[in-house]
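Reviewing the structure listed below.
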Amino acid sequence: MALVTVAELLKKAEEGKYAVGAFNCNNMEIVQAIITAAEAERAPVIIQASQGAIKYAGLEWVAGMAKLAAERAKVPAAIHLDHGTSFEQCVKCIRAGFSSVMIDGSKLPFEENVALTNKVVEVARAVGVSVEAELGKIGGTEDDISVDEREAMLTDPDEAKEFVERTKVDSLAVAIGTAHGQYKGKPELDFDRLEKIKKLVKIPIVLHGSSGVPDEDIRRAISLGVSKVNIDTNIREAFTNTMRKILNEKPKEIDPRKVLGPAREAAVEVIREKIRLFGTSGKA
Ligand code: G3H
Ligand code: 13P
Ligand code: ZN
């Protein structure tokens, strides 16, 4: 099955009222787990790599593994750069064969975010690569912030409208109360804000920091217009906790395959659960 863009997957997701899972990979086993899970569920899928993952494994390795997986897959698959923070990083990933990039200018002032995003969109358009941008600050669960600070971080619907009109991005990541990493308490999603954004912004919306968000909140977010859901932490938990369990049970084990194989299986299971939750099963 051919490698596809995220834009193409999200267009169908919007029409079908489901969301496509975007799963972060850091190594071969996780790339394999993502594709195995998607094939088992007959679901379209997005394999994504962060700058941290690229730094860890090397761009050629990440791109090589993801391309092999996507091109051999029996389901449509996209390869996406997650939270690219520079023009250079996006161009390198496009050149390495990614079908989609995220340019995350959310830490910049509005005008600079628009300018940087436009620069990436111009290059990506020329070679048929789709672009996700971010407006508002998603942040991490470790951020200790007040209610006012939280409010200031969330995406402003009118700004989102202007941002999308001026950049013509394919999809927009919004801050509506989710955070990256493990939540300390229950995340409070601002669904009114999401509804307002979706009324004003006519492109697919992306939910980041989705690990640990209760299932009913994920379903509600998808019903209100989220068409791409990013998951990393839940995969890390399943993968690494399985490794830890095996190593605790068998402290003398030295065969990496005996540790990484079950970790890969645990990742497949968690990814399959997410695919079912997002309503993507059978949509390939
Ligand atoms: O959005 C963040 C992702 O979970 C990637 O995290 O930068 O540690 O690879 P990372
Ligand atoms: P989680 O690690 O909270 O699932 O967030 C993933 C993400 O948003 C990647 O961009
Ligand atoms: Zn993210």
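Read the numbers this way: they start at 1 and go in the same order the structure lists the ligands and their atoms. The first residue of the sequence shown is numbered 1, and numbering continues consecutively from there.
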**Asked** Between Glu249 and Lys245, is there a salt bridge with N-O shorter than 4.0 Å?
**Response** yes

**Message:** Check this for me, if you would: do Glu132 and Lys228 make a salt bridge, where the nitrogen-to-carboxylate-oxygen distance has to be below 4.0 angstrom?
**Reply:** yes

**Item:** Thr233 contact mode with ligand 2 (heavy-atom cut-off under 4.0 Å)
**Value:** both

**Asked** From Ile103 CD1 over to Leu116 CG, what is the distance, rounded to the nearest 0.5 angstrom?
**Response** 4.0 Å

**Asked** For His208 and Asp82, what are the C-alpha separation, side-chain angles and deciding distance, and is it a side chain to side chain contact (heavy atoms under 4.5 Å, CB included)?
**Response** CA-CA 10 Å; His208 283 244; Asp82 187 33; 3.6 Å; yes

**Request:** Answer side chain, backbone, both or neither: which part of Asp82 comes under 4.0 Å from ligand 1, heavy atoms only.
**Result:** side chain

**Message:** Using a 4.0 Å heavy-atom cut-off, which part of His83 comes near ligand 2: side chain, backbone, both, or neither?
**Reply:** side chain

**Complete:** The protein heavy atom nearest to atom 9 (O) of ligand 1 is Ser50 OG, 2.6 Å

**Asked** Polar-atom distance check: Ile231 versus ligand 2, any N or O pair below 3.5 Å?
**Response** no

**Message:** Evaluate His83 for polar contact with ligand 1, using N/O atom pairs at a separation under 3.5 Å.
**Reply:** yes

**Item:** Distance from atom 8 (O) of ligand 2 to nearest protein heavy atom, with residue and atom
**Value:** Gly209 N, 2.9 Å

**Message:** Tell me whether Glu159 is salt-bridged to Arg166, with the criterion being a basic N under 4.0 Å from an acidic carboxylate O.
**Reply:** no

**Request:** Could you tell me whether a side-chain N or O of Thr280 sits under 3.5 Å from a main-chain N or O of Ala19, the two making a donor and an acceptor?
**Result:** yes

**Request:** Evaluate the side-chain proximity of Pro214 to Glu216: yes if any heavy-atom separation is below 4.5 Å, no if none is.
**Result:** yes

**Closest protein heavy atom to atom 4 (O) of ligand 2, given as residue, atom name and distance to 0.1 Å** = Ser211 OG, 2.5 Å

**Request:** Answer yes when Lys198 and Glu14 have at least one side-chain N-carboxylate O distance shorter than 4.0 Å, and no when they do not.
**Result:** yes

**Item:** Heteroatom distance test (Asp232, ligand 2): nitrogen or oxygen, under 3.5 angstrom
**Value:** yes

**Asked** Can you find a pair of side-chain heavy atoms, one from Ile246 and one from Pro262, that are under 4.5 Å apart?
**Response** yes

**Asked** Going by the atom numbers of ligand 2, which of them fall below 4.0 Å from some non-hydrogen atom of Asn24?
**Response** 9 (C)

**Prompt:** With no hydrogens and no angle check, do the side chains of Glu149 and Ser146 hold a donor and an acceptor under 3.5 Å apart?
**Reply:** yes

**Message:** List ligand 2 atoms under 4.0 Å from Ala179, heavy atoms only on the residue side.
**Reply:** 3 (O)

**Asked** Within the structure, does Asn24 bring an N/O atom to less than 3.5 angstrom of an N/O atom in ligand 1?
**Response** no

**Request:** Mark up the atoms of ligand 1 that fall under 4.0 Å of a heavy atom belonging to His180, in ascending order.
**Result:** 1 (O), 2 (C)

**Message:** Once you restrict to heavy atoms under 4.0 Å, what part of Ile138 touches ligand 2? Side chain, backbone, both or neither.
**Reply:** neither

**Prompt:** Is NZ or CZ of Lys274 both nearer than 6.0 Å to the six-membered ring centre of Phe23 and within 45° of the ring axis?
**Reply:** no

**Prompt:** What part of His208, side chain from CB on, backbone N/CA/C/O, both or neither, has a heavy atom under 4.0 Å from ligand 1?
**Reply:** neither

**Item:** Any Arg236 heavy atom less than 4.0 Å to ligand 1
**Value:** yes

**Message:** Using a 4.0 Å cutoff against the non-hydrogen atoms of Gly181, which atoms of ligand 2 qualify?
**Reply:** 2 (O), 3 (O)

**Item:** For atom 3 (C) of ligand 1, closest protein heavy-atom neighbour
**Value:** Asp232 OD2, 3.4 Å

**Message:** To the nearest 0.5 Å, what is the distance between OG1 on Thr178 and CG on Asp217?
**Reply:** 10.5 Å

**Chi angles and distances behind the side chain to side chain donor-acceptor pair (under 3.5 Å) call for Asp104, Ser106** = CA-CA 5 Å; Asp104 179 359; Ser106 62; 2.6 Å; yes

**Angular separation of His180 NE2 and His83 NE2 about the Zn ion (ligand 3), given to 10°** = 100°

**Prompt:** From Leu224 CG over to Ile205 CD1, what is the distance, rounded to the nearest 0.5 angstrom?
**Reply:** 11.0 Å

**Message:** Within ligand 2, which atoms have a heavy atom of His208 less than 4.0 Å away?
**Reply:** 8 (O), 10 (O)

**Prompt:** Side chains of Lys12 and Lys283: does their closest heavy-atom pair fall under 4.5 Å?
**Reply:** no

**Request:** Give the numbers and elements of all ligand 2 atoms closer than 4.0 Å to a heavy atom of His180.
**Result:** 3 (O), 5 (O), 6 (C), 7 (C), 8 (O), 10 (O)

**Fill in**
Among the N/O/S atoms of His208, the Zn ion (ligand 3) lies closest to ND1

**Prompt:** Counting only heavy atoms, which portion of Ala22 has something under 4.0 Å from ligand 2: side chain, backbone, both, or neither?
**Reply:** neither

**Prompt:** Within the structure, does Asn230 bring an N/O atom to less than 3.5 angstrom of an N/O atom in ligand 2?
**Reply:** yes

**Prompt:** Hey, which atoms in ligand 2 end up nearer than 4.0 Å to a heavy atom of Asp82?
**Reply:** 9 (C), 10 (O)

